[in-house]
Amino acid sequence: MYENLKNEAGIILNVQDGDREAFTELVLFYQTKLRSVLSFYCSSQDMVEEFVQDSFVQAFVSIKTFDPEQPFFPWLKTIAMNKLRKAARYREVRLRKADDYLYHLQISRSEEDPNGEISEANGLALKNCLAKLDSHQVELLKNRYMNEKSLDDLAEVYGKKVGALKVQIHRLRLILKDCIKQQLEPDVLT
Amino acid sequence: MNTEEKYQNFDLQVMNWLEGELSEDEKMSLVKIIQTDKDLEQRFLAVTSVDSLLKAEFAPKRKSSELLARLEMSLPSEAQKKQTQKFILDRINKIEERNEKEAQRKRKRKPTSTSTFKNIPVPRRTQTVTKIKKLPQQKKKRTAPPIAFWITLAACVAIGFWGYDFYLHNSKIQLQPKPLLVEFGNLQKISGNVSIIRNQHEIAKTENMTIYVGDTMVTGEKSFGNITIPDGSEINVGLKSKVSFNNDNGSKQIVIINGLVSGKIAKQLPGKPMIFTTPNAQAIVLGTSLEINNNDKSTKLSVTEGKVRLVRLSDGKSIIVTSGYNATVQEGKTLKLEELMAPDDPRRKYRQPGN
């Protein structure tokens, strides 16, 4: 599983004393992990960012109730998952557009995973599966997801048609999907 | 469309949705597909999860600075905390001040003495008056309630009784099951003064009306009624007769209270004979032509076709009356067969019904 922040208890004690800089350390260390957990349930990155931000704000407000001897991330994750489930219930009655339904469909899976364990398992499986891909495939994904290059830009870089590139990226998603499923079996968590 | 094609088409839609290239109608189409196919729903969730996880995995570092900036704006600062604390304390102080003022106003309103004159100082002695021991209160004299009270009470009691009685009456009506009307036969022909009594009420009679189990037919002078039974039997009720029709476990019972009954009885089911009952005799019929004449003292059975067992109810003795014979049950008279008189025999004492 994930590593904990070094001297986490001391940092948390400082935050409890009102040290905002110390809290920044917690945010920098745990934000990616939290984003990864939440991303499993939400394909809209804007929504993920909202949940990440809300979760950290909630953690800061309630930090005095937290026992510094305990690991911070499970507590933060619980806050995030509660927010996700609350949003799923809230959105259930406010489905107006197709996107609302599709996002709700993703978020509502959080009801079965209160501790975000399925999400974390999928995240780890993805790392393993990425390691199995060819370097040019990983490069394509990095260009698409890390550098956030548009399909038009990528088509120009790779000298391919936009449609062909789109299909290639989607095929990589399908390969990863099957790989993750294989990794998680026999638990079949996907 | 085979499974592979179905997945290909679906993947294309999901891919375009992830790229944000689907129109609202196309999104709705995607939603409908997902709603109807659980397998595709799982596929959608798996593929979109991979996409999201990839985004999270390769999330650019700049997001950290963005998040910190946003958090900086969202997190409550010390100044904000102090401001909030001050605001809350101010509110508490204001509420306490208001409560204090309210209490003071109430204290002012409260009279300090028994005097009604506010401006006149109350002498010290008057204040001590309140400390004097209270005199025992005089017991209130009981007075009889006014007559209107008794009238109202009586009316209430009467209404209560009436209501209870009404309730009981209605509940009885509701509890009594509606008598189940079982068809006995059909009144084919009537002549003269014939009446049908059902549930102790005389009902209008018409030809071809249905006679139900429990009905009673009463005929007057020069009257008769003809009833056909679904099994093909035919019963004639002669003049001055009173006959009721019953059914006991499928066995038809014709109770001749008095008068004359004749009939042609179709073959009855085994163990379910048709029974003609008079106050002193019983004729058990399985299929025959007969005539029963009952008066106050005797019952005479005439059989023109088939066999009938005639039972004397007083002692249970019985006789089988065969075709062409009759038998009479009468007190003091031996139960024996007698030869049937021809229709044109001058000794016949009664007329054939309808004649």
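- Annotation: maximal heavy-atom pairing with chain A below 4.5 Å, among L45(B), N16(B), T48(B), V50(B), occurs at L45(B).
- Neither the backbone nor the side chain of Y41(A) comes within less than 4.5 Å of any heavy atom in chain B.
- Listed by first and then second residue, the disulfide (SG to SG under 2.5 Å) pairs that reach into residues 132-179 of chain A are C129(A)-C179(A), sequence neighbours excluded.
- Nearest approach of S52(B) to S39(A), heavy atoms of both residues: CB-O, 2.7 Å.
- Under the salt bridge (charged side-chain N to carboxylate O under 4.0 Å, His left out) test applied with E57(B), the options K127(A), K33(A), K142(A) reduce to a single match, K127(A).
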Let's go through W17(B) and Y101(A) carefully: what are the C-alpha distance in whole Å and the side-chain angles of both, what is the deciding distance for ring-ring contact (aromatic ring centres under 6.0 Å, His included) to 0.1 Å, and is it a yes or a no?
CA-CA 13 Å; W17(B) 182 73; Y101(A) 176 81; over 10 Å; no

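- Heavy atoms closer than 4.5 Å to chain B are found nowhere in L38(A), neither backbone nor side chain.
- In this structure, E41(B) CD and L102(A) CG are separated by 10.0 Å, a value rounded to the nearest 0.5 Å.
- The NZ atom of K55(B) sits 13.5 Å away from the OG atom of S36(A) when rounded to the nearest 0.5 Å.
- Contacts of L126(A) with chain B are made by side-chain atoms alone, with heavy-atom separations under 4.5 Å and no backbone atom involved.
- Partners of D39(B) under the side-chain contact (heavy atoms from CB on, under 4.5 Å) rule, at least two apart in sequence or in another chain, are Y7(B), D37(B).
- Of all heavy-atom pairs spanning D11(B) and H170(A), the tightest one is O-NE2, 3.4 Å.
- Neither the backbone nor the side chain of L12(B) has a heavy atom closer than 4.5 Å to any heavy atom of chain A.
- Neither the backbone nor the side chain of L22(B) comes within contact range of chain A, judged by heavy atoms closer than 4.5 Å.
- Neither the backbone nor the side chain of E26(B) has a heavy atom closer than 4.5 Å to any heavy atom of chain A.
- Here the side chains of R144(A) and L54(B) are not in contact, with every heavy-atom distance at 4.5 Å or above.
- Proximity to chain B (any heavy atom under 4.5 Å) is shown, for L105(A), by both the backbone and the side chain.
- Looking at V167(A), the atoms closer than 4.5 Å to chain B (heavy atoms on both sides) sit in the backbone and in the side chain alike.
- Between atom CE of residue M15(B) and atom NZ of residue K166(A) there is a gap of 5.0 Å, rounded to the nearest 0.5 Å.
- Interface residue L130(A): only side-chain heavy atoms are found under 4.5 Å from chain B.
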Kindly determine whether N122(A) and S49(B) satisfy side chain to side chain contact (heavy atoms under 4.5 Å, CB included), including the steps that lead there.
CA-CA 9 Å; N122(A) 274 268; S49(B) 293; 5.8 Å; no

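- Inspection of non-hydrogen atoms places no residue of residues 153-160 of chain A under 4.5 Å from chain B.
- A search for side chain to side chain donor-acceptor pair (under 3.5 Å) contacts involving E50(A) returns R70(B), not counting sequence neighbours.
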